[in-house]
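Per chain, numbering begins at 1; letters A, B, ... match sequence-line order.
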Amino acid sequence: MILVKETSSLLKEALVKIGEKTGMRQFPSPYLEIPHETRHGDLSTNVALQLAKQSGLPPLKIAEDIVKLIAFRSPVFSRIEVAPPGFINFFFKPEIFYPIINRIIREGSRYGCSNFGEGKRVLLEFVSANPTGPLTVAHGRHAAVGDAIARILRMAGYTVVKEYYYNDSGRQMELLGRSLYARYKEASGAKADIGEDGYHGEYLRELAREITNDEAKKDIDFFSSFAEKRIFAGIKQDLSEFRVDFDSWIKEKDLYESGAVDRVIEELRKAGEVYEEEGALWLRSSLFGDEKDRVIRRRNKEPTYIAPDIAYHHQKYERGFDLLIDLFGPDHHGYSPRLWAALTALGHDRGKLKIIIVQLVSLYRGKEKISMSTRKGEFITLRQVLHEVGGDVARFFFLMRKTDSHLNFDIELAKSESLENPVYYVQYVHARSASIMKVARENAIAPGKDADLSFLREEEEIAIMKKLAQFPDVITGCAKNVEPQPVTGYLQDLAKAFHNYYNHFRVINPDNQQLTQARLRLVVAVKTVIANGLTLLGIPPCEKM
RNA sequence: GCGCCUGUAGCUCAGCUGGAUAGAGCAUCUGCCUUCUAAGCAGAGGGUCCGGGGUUCAAGUCCCUGCAGGCGUGCCA
């Protein structure tokens with residue numbers, strides 16, 4: 001919200017003066033909040049309540065003293081009132097919100113950008129699904145969240161690299177190859193023996209049909225790499241359909257081949273953070289906040305899966321980023337302490353690595369829950385959902401809940417092109433605005449730069465302007481918490497304010513050119529902010545519905 | 001057993017460092033289309049914020065405790 005700083009410094013000055021008079025030395029830094037209710041003003045503070053105890057004065061008296069000190073210091077307030085039990089409520093004059101409209105139109109797609117991140121470099125790793133099967137709906141949420149976070153951080157002044165890390169080696173790939181081989185044999189009549197740990201999904205059956213008899217004479221390695229290539233191509237295609245792209249792809253195999261895994265184990269050994277026991281190599285992770293020590297190299301000398309992961313994150317640190325962000329599934333949340341432990345043991349600052357848990361997605365068709373089991377290979381793929389509900393709607397739904405909250409995704413609701421669907425509600429504002437602009441053009445009216453905005457006096461208009469002014473703060477808030485969800489809520493709020501306005505007032509009014517001009521400016525500003533918000537979520541705004 | 005998360009309206013969820021009469025959408029009911037897109041708007045009803053203690057001028061929010069649900073706790077990834 002604009003003018004928070006100004007109000008805050010006025011408040012601080014007043015507090016200092018009061019401190020001189022009463023001998024109070026310490027006061028809480030004045031916290032201003034935007035009240036829920038408009039009758040409590042545009043900004044509100046509770047400092048007087050906080051000061052009451054240490055000063056021994058009644059809070060109302062303190063509040064009144066503060067108000068007396070600042071009431072006439074600034075021309076921006078229409079009034080400042082004291083409300084029991086001791087709140088101070090600030091009301092701004094409507095005209096101070098006018099400049100925001102011109103600013104939005106001037107800045108266009110840059111409105112909302114800030115230097116909050118001070119150009120810090122962020123490495124954001126997400127999705128990172130292994131090429132053992134098609135992307136699931138859960139991966140879809142990771143993709144939507146990761147991509148939105150990247151966009152938000154960039155808007156807030158960070159430099160972001162989006163990275164995808166995948167395991168293309170070892171036991172997992174061998175199992176994949178064996179599973180595919182079993183499916184191939186099955187196609188020629190044999191019984192498929194995939195085993196407990198194998199991959200049971202239908203997709204391998206389909207892949208098996210594409211293998212020629214000639215190729216099948218080859219070994220398991222052939223089947224592994226065939227499956228990997230085909231599945232990974234499918235993953236990339238799904239991501240591109242979802243319009244989520246990555247700047248960088250890291251393969252686990254490379255970490256082995258470059259010696260990075262051995263090197264990092266050696267480093268830990270030199271640092272004295274590992275020990276041998278029962279033939280295995282253990283990391284002293286319990287010294288660094290983990291519940292227990294962890295094996296990083298098995299008795300058979302094979303590294304455990306954490307070893308390449310340590311090497312990978314070690315490299316992330318050495319690549320010189322200011323902040324590392326990992327998006328994990330909930331099944332990995334017990335994994336973060338040991339990763340942090342390993343990195344701390346290597347002398348890295350664990351505070352630089354932020355791990356975000358992206359909670360599970362449950363699919364519904366109306367009331368009916370769709371049961372899924374990745375292990376049995378029964379799941380709805382991301383592709384199926386994209387084809388059924390469309391990428392834009394899916395993105396919005398994936399981002400509607402807080403990242404670390406469980407998400408219920410109702411496919412019926414997502415498909416419905418009705419008032420129940422929040423995506424259309426927001427898009428509708430953009431389309432409506434575009435439509436108004438079109439009619440204005442047809443009537444040869446343009447939203448002139450010199451429009452006199454003081455014609456915007458309706459309560460609804462002021463409310464929209466206040467909402468528009470909040471957008472940059474919403475973005476920095478999201479960046480600070482690394483959480484895209486508030487953007488969806490903001491867009492819905494702004495959309496509501498606009499639809500309400502639209503239904504009560506006519507923008508284009510041939511009898512009043514000046515009013516029309518001013519209102520058109522407001523509409524352009526709303527359209528711009530809706531577009532910027534949707535773009536942050538990776539959803540293209542539409543001109544027409 | 002230990003650790004983490006969740007519990008707010010019939011349903012799905014917001015609720016920012018503790019603040020004012022706990023909010024929104026959907027669902028239900030009632031109104032609004034000769035006017036820039038009705039995929040819209042306005043209004044109404046609907047609550048033991050899981051229970052119980054505590055801290056505070058003030059608790060959905062913080063502390064303790066109990067209950068319910070989910071997850072984690074591999075020389076699997």
Side-chain angles (χ1 to χ4, degrees), chain A residues 28-29 31 33-37 39-40 44-46 49-50 52-53 58-59 83-87 89 130 132 167 170-172 175 196-197 252 277-282 291-292 294-306 308-309 329-337 357 359-360 364 367 400-402 404-410 413 416-429 431-440 442-443 445 473 477 480-481 485-486 488-489 492-493 495-496 498-509 516 519-520 523 544-545:
Chain A
S29 74
Y31 174 73
E33 64 166 13
I34 300 173
H36 311 294
E37 295 190 53
R39 67 189 177 85
H40 292 143
S44 172
T45 183
N46 61 354
L49 287 160
Q50 296 186 327
K53 192 165 192 182
F87 294 102
N89 299 329
N130 293 330
T132 56
N167 178 356
R171 201 174 99 88
Q172 216 185 170
L175 277 172
E196 263 311 284
D197 298 335
E252 184 179 296
E277 194 176 295
E278 297 173 18
L281 192 65
W282 295 72
E291 288 175 351
K292 50 182 279 195
R294 308 286 174 177
V295 171
I296 59 170
R297 202 174 59 203
R298 302 182 181 93
R299 210 175 315 175
N300 67 8
K301 303 301 171 202
E302 287 274 316
T304 59
Y305 71 101
I306 192 177
D309 226 7
D331 52 337
H332 281 67
H333 93 250
Y335 179 66
S336 24
I357 303 296
Q359 270 294 348
L360 293 174
Y364 285 79
K367 294 263 176 217
M400 252 187 337
R401 301 287 171 246
K402 275 186 306 190
D404 63 359
S405 298
H406 194 96
L407 171 70
N408 289 326
F409 190 124
D410 183 346
L413 176 62
S416 76
E417 297 189 358
S418 74
L419 51 155
E420 303 169 28
N421 193 327
V423 188
Y424 293 98
Y425 187 75
V426 174
Q427 285 281 23
Y428 195 30
V429 174
R432 262 187 165 165
S433 307
S435 182
I436 293 170
M437 300 315 295
K438 189 168 157 250
V439 172
E442 285 163 4
N443 289 281
I445 309 168
D473 289 342
K480 187 178 165 198
N481 299 321
Q485 182 266 344
T488 62
Q492 291 181 83
D493 283 354
K496 188 183 171 80
F498 181 79
H499 287 311
N500 177 15
Y501 176 60
Y502 178 92
N503 276 276
H504 286 90
F505 301 94
R506 288 195 59 80
V507 173
I508 296 170
N509 187 339
T516 301
R519 287 185 171 172
L520 283 174
V523 170
K544 213 171 155 183
M545 290 178 73

Same-atom distance (P) from B/A42 to B/A59, integer angstrom: 33 Å
Counting any heavy atom closer than 4.0 Å, what does A/Asn481 reach on the DNA or RNA strands: base, sugar-phosphate only, or nothing? nothing
So A/Asp309, base contact, sugar-phosphate only, or nothing? Heavy-atom distance under 4.0 Å. nothing
Which part of the nucleic acid, if any, lies within reach of A/Phe505 when heavy atoms closer than 4.0 Å are counted: base, sugar-phosphate only, or nothing? base
Distance between P atoms of B/C2 and B/C64 (Å, rounded): 15 Å
Touch check for A/Gln492, heavy atoms < 4.0 angstrom, all strands: base, sugar-phosphate only, or nothing? nothing
A/Arg432 CZ to B/A39 C1', straight-line distance once rounded to whole Å: 9 Å
I'd like the P distance from B/A20 over to B/U61, given in whole Å. 13 Å
Heavy atoms under 4.0 Å, any strand shown: does A/His332 hit a base, just sugar-phosphate, or nothing? base
Nucleotide of B/G74, B/C41, B/C57 approaching A/Tyr425 most closely (side-chain heavy atoms): B/C41
Which is true for A/His40 with a 4.0 Å heavy-atom rule: it touches a base, it touches only sugar-phosphate, or it touches nothing? base
Scanning all shown strands, the Watson-Crick or wobble mate of B/A9 with both distances under 3.5 Å is none
Rounded to whole angstrom units, what separation is found between the CZ atom of A/Arg506 and the C1' atom of B/U37? 12 Å
May I ask you to say what A/Ser405 touches in the nucleic acid, namely base, sugar-phosphate or nothing, with a heavy-atom cut-off under 4.0 Å? sugar-phosphate
Can you name the salt bridge (Lys or Arg N to Asp or Glu O under 4.0 Å) partners of A/Arg299, sequence neighbours left out? none
Mind calculating the distance between OH (A/Tyr424) and P (B/U37) to the nearest angstrom? 20 Å
Please tell me which of the listed nucleotides, B/A38, B/G40, B/C13, lies nearest to the side chain of A/Arg401? B/C13
For A/His504 and A/Tyr428, find the nucleotide of RNA chain B closest to each by heavy atoms; which residue's nucleotide sits nearer the 5' end? A/Tyr428
Using a 4.0 Å heavy-atom cut-off across all strands, classify A/Asn46 as base, sugar-phosphate, or nothing. base
Looking across every strand, which nucleic acid part, if any, lies under 4.0 Å from A/Tyr335 by heavy atom: base, sugar-phosphate, or nothing? nothing
Would A/Thr516 and A/Asn509 count as having a side-chain donor-acceptor pair, cut-off 3.5 Å? no
Of all the nucleotides listed (B/C36, B/A14, B/C57), which has the minimum atom distance to the side chain of A/Gln485? B/A14
Would you compute the distance between atom OG1 of A/Thr304 and atom CH2 of A/Trp282 and round it to the nearest 0.5 angstrom? 10.0 Å
Check every strand shown and say whether A/Lys544 touches a base, only sugar-phosphate, or nothing at a heavy-atom separation below 4.0 Å. base
Across all strands, who's sitting opposite B/G51 as a Watson-Crick or G-U wobble pair, both distances under 3.5 Å? B/U65
With stacking defined as ring centroids separated by under 5.5 Å and planes differing by under 30°, is A/His333 stacked against B/G72? no
Roughly how far apart, to the nearest Å, are B/A38 and B/U12 at atom C1'? 25 Å
B/G51 versus B/G19 - spacing of their C1' atoms, nearest Å: 25 Å
Whole-angstrom distance between B/U28 and B/G70, as gauged at atom P: 31 Å
Using the C1' atom as the point on both nucleotides, what is the distance between B/A27 and B/A9, in whole Å? 11 Å
Under 3.5 Å, is there a donor-acceptor pair linking the side chains of A/Asp309 and A/Tyr335? yes
Classify the nucleic acid contact of A/Val439 as base, sugar-phosphate or nothing, counting any heavy atom under 4.0 Å across all strands shown. sugar-phosphate
Within the structure shown, what part of the strands sits under 4.0 Å from A/Arg294 by heavy-atom distance: base, sugar-phosphate, or nothing? sugar-phosphate
Determine the interatomic distance between C1' on B/C50 and the same-named atom on B/C67; round to the nearest Å. 8 Å
Using ring centroids (six-membered ring only for Trp), state whether A/Tyr428 and A/His499 fall under 6.0 Å. yes
Name the residue closer to the 5' end of RNA chain B, choosing between A/Met400 and A/Ser44 according to the nucleotide with the nearest heavy atom. A/Met400
